[in-house]
Structure formats: C-alpha cells, structure tokens
Amino acid sequence: MLNDYQQIIGLALATSVFGLVLSLWIGGVLLWARKRALRTKKMEQRLNVAPSQPSQKRVLHLWHEGRKVTTTVPVLARPLSWLQWLESECRRAGWHIEGKLLLLLVGGTAILTSTFLLVVSGNVPLSLGVVVALLFVLRIYLKQRISRQDALFDRQFVDALGLAARSLRSGHPLIGTFHLVSEEMAPPVSTVFADICQQHSMGAELEVVLRNAAEKHTSTDMKLFATSVAVQMRTGGNLADLMDRLAVVVRDRIRLGRRMRILSAQTQMSKRVLLVLPFIVFILFNILNPDYMAPLYTTNVGNILLAISALGLAIGSWIMNRMAVLKY
C-alpha cells in the first residue's frame, strides 16, 4: 500500500514538472511568434503592402524614369493539403512518384517491419520504436535530397542566366531565350523553362507564366527572377543587363550560403548525433539487457517516461531544425 502511494506521488510530481516545463516552453514559443508577427506587420507598414490573401494578388507600385509602374509579384497560394505537400516534397527531391503511392509504400514497409519485430522479439514498444526510427531516417534522407536538388538548381540557374544574357545580346527574343535554356541546360532548370515555353505556346501571357512558375517553385532566386523580368517587361530596359545582375546576386547568395554552411558544420553534426544517439542506445539496451528495460514496458510510470522521452525528442528535433535554418 505504501509503495503504491509513493508511486502515485512520484507520478504526480513527474507530471507536474513536465507540465511546468511544457508551459514555459509554450509561453516562450508564443512570445517569439508574437514578436515575429509584430516585426512582419511593421515591415509591411513601412513598405505600404497589405497582407496577401489566398484570393488576392499582391501589387507593388514602383517608379521608373519619373512614371509610376504597377506590377504583381508571386504570393503564397492556398495552403496545401498534406497529400499535396507530400507530392511537392517528392518533386523537390527529384522523385517522380505520386504522394499516394509513396504513402502506401512507406506505410506497408512500416507495418511489415513492426510485425516482423513483434513476432521475433514480442516487444511492442521496441517494434514501434524501430518503426519511428525508420520514418525519422526516411525524413532525414528526404530533406538531404531536397537540399541537394535546391543546391543543384541554384548552380544551374546561374549558368542559365548567363546563357540567357548572351542569347539576348545576340538578338534572340525573350521566349526564344527561354527555349534555348530549356534545350541546352540539364534538369531541373531545363524542366522549369520548358514548362514556361509550353504554357506560353498554349496562349498564356508570359508574365502570368513566369508568376505561376515562381509560385510553384520554392527557390527565392526564381521568385526574384520572375518579378524582375515582369517589371522590366512593363518598364522597358536592357534584359541582358538584368540577367547579368541577377546572376551576380545569385552567385553571391550561393557563396554566402557556402560560408554559412562551413561555419555551422560542427553544429549540424552535433545536431545529428544528438538526435540519432538516443535511438541507438535504446535499441542496444533492449537487445543486450531486456530485463533492465522491462520496467519501462510493464509499469505505468515506465510507459509515461517513454512517452515523455519521445515527446522530448520530437520537440528537441523541431527546435534544432528551426535553429539550423539559414536565413540571409
């Protein structure tokens, strides 16, 4: 009876401490979100730009050679569903697969793996932990693929801008320049410009096509390119010089990104080790000494500690990923 009473007190104390820490963390996140929203609102007020709605277009009022010019820039479309988000992530990673098929493959593999481990070991938490670890590794691999594809697009985009500038100086029209880039360059840049040429050949306006391409692509340089070309088409000017200036800007951004990645390489490695190490230790302890890990599965306190550990790892992973995002 006394042991049960002490167990209940310990459980209540652990729950209270966890609730206090979680409340402090949520309060910090809310304060950070409010500060960021105020900073964004202040910036929009300085630029005299209203927040964009899903059904509206953002219009910029510019001045060129003493006259006013208005143009629209790519804005965020409606929020994507989780299936559309998964398909867009697959496209960014260079995987030509539908979201439903990928979801079916991942779900089938997870079910088969958990069933196999459950039959072999008879340990439900271990099988679930291995499945979660596999999904976590798949997510890391997907993010790495996306990072490689984005870096490849940025490098090819610089060369495409240089090719476009030379083509314009030789007398080609703008759409002919895009057609040349789609033929001479390799994917993924050639795919983007091929889509632009195809939509324009079907009767769509070039400015609209560029805006749509920028909305579909996640590259900041592509959005800058679409906006700059749209403004230049309305105001007039030397498009070849514009391409050269954009190439310089993109090249400087790539150089700065490389420097930032070099400076943060040690932090990135520490983040990966801290995220993978708990899973490795958990699996090794279950294999080497199952009796030592048994209280985590057979007692209520152990189950709660497992849930708290999983939640803590998820929160820590999210925080470290947010801290590792480079914004410049």
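Keep in mind it's a predicted model, so treat the numbers as computed, not measured.
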Are [X] and [Y] connected, step by step, through hydrophobic side chains (Ile, Leu, Val, Met, Phe, Trp, Tyr) whose heavy atoms are closer than 4.5 Å?
X      : Y      : result
Leu296 : Leu288 : no
Val249 : Met222 : yes
Phe193 : Leu224 : yes
Leu277 : Leu306 : yes
Val276 : Tyr141 : no

Considering all heavy atoms of both residues, which atom of [X] and which atom of [Y] are nearest to each other, and what is their separation?
X      : Y      : result
Arg169 : Ala240 : CG-CB, 3.6 Å
Cys197 : Phe178 : SG-C, 3.6 Å
His200 : Glu205 : CD2-C, 4.4 Å
Asp154 : Ile254 : O-CD1, 3.6 Å
Thr299 : Gly302 : OG1-N, 3.1 Å

To the closest 0.5 Å, what do you measure between [atom1] ([X]) and [atom2] ([Y])?
X      : Y      : atom1 : atom2 : value
His179 : Ser201 : NE2   : OG    : 9.5 Å
Leu31  : Ile26  : CG    : CD1   : 12.0 Å
Ile175 : Ile196 : CD1   : CD1   : 7.5 Å
Leu180 : Ser170 : CG    : OG    : 8.0 Å
Asn238 : Gln232 : CG    : CD    : 7.5 Å
Asp221 : Asp150 : CG    : CG    : 10.5 Å

* Give the intermediate values and the outcome of side-chain contact (heavy atoms from CB on, under 4.5 Å) for residues Ile304 and Ile308. => CA-CA 6 Å; Ile304 293 175; Ile308 293 175; 3.8 Å; yes
State, yes or no, whether a side-chain contact exists between [X] and [Y] at a heavy-atom distance under 4.5 Å.
X      : Y      : result
Phe225 : Met243 : yes
Leu256 : Asp252 : no
Leu242 : Leu246 : yes
Ser190 : Val181 : no

Acceptor/donor pairs from residues 155-163 side chains to any protein atom, 3.5 angstrom cut, sequence neighbours excluded:
unit_1 : atom_1 : unit_2 : atom_2 : d
Gln156 : OE1    : Val189 : N      : 3.4
Gln156 : NE2    : Pro187 : O      : 3.1

* Walk me through it: do Met293 and Phe282 pass the test side-chain contact (heavy atoms from CB on, under 4.5 Å)? => CA-CA 9 Å; Met293 302 294 291; Phe282 180 79; 3.8 Å; yes
* Intermediate values then yes/no, side-chain contact (heavy atoms from CB on, under 4.5 Å), Asn286 and Tyr292 -> CA-CA 8 Å; Asn286 278 276; Tyr292 179 77; over 6 Å; no
* **Trace of the side-chain contact (heavy atoms from CB on, under 4.5 Å) decision for Gln199 with Val208** => CA-CA 10 Å; Gln199 294 181 27; Val208 177; over 6 Å; no
* **Residues clustered with Met269, ILVMFWY side-chain links under 4.5 angstrom** =>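 Hydrophobic cluster check, Met269: joined to Val273.
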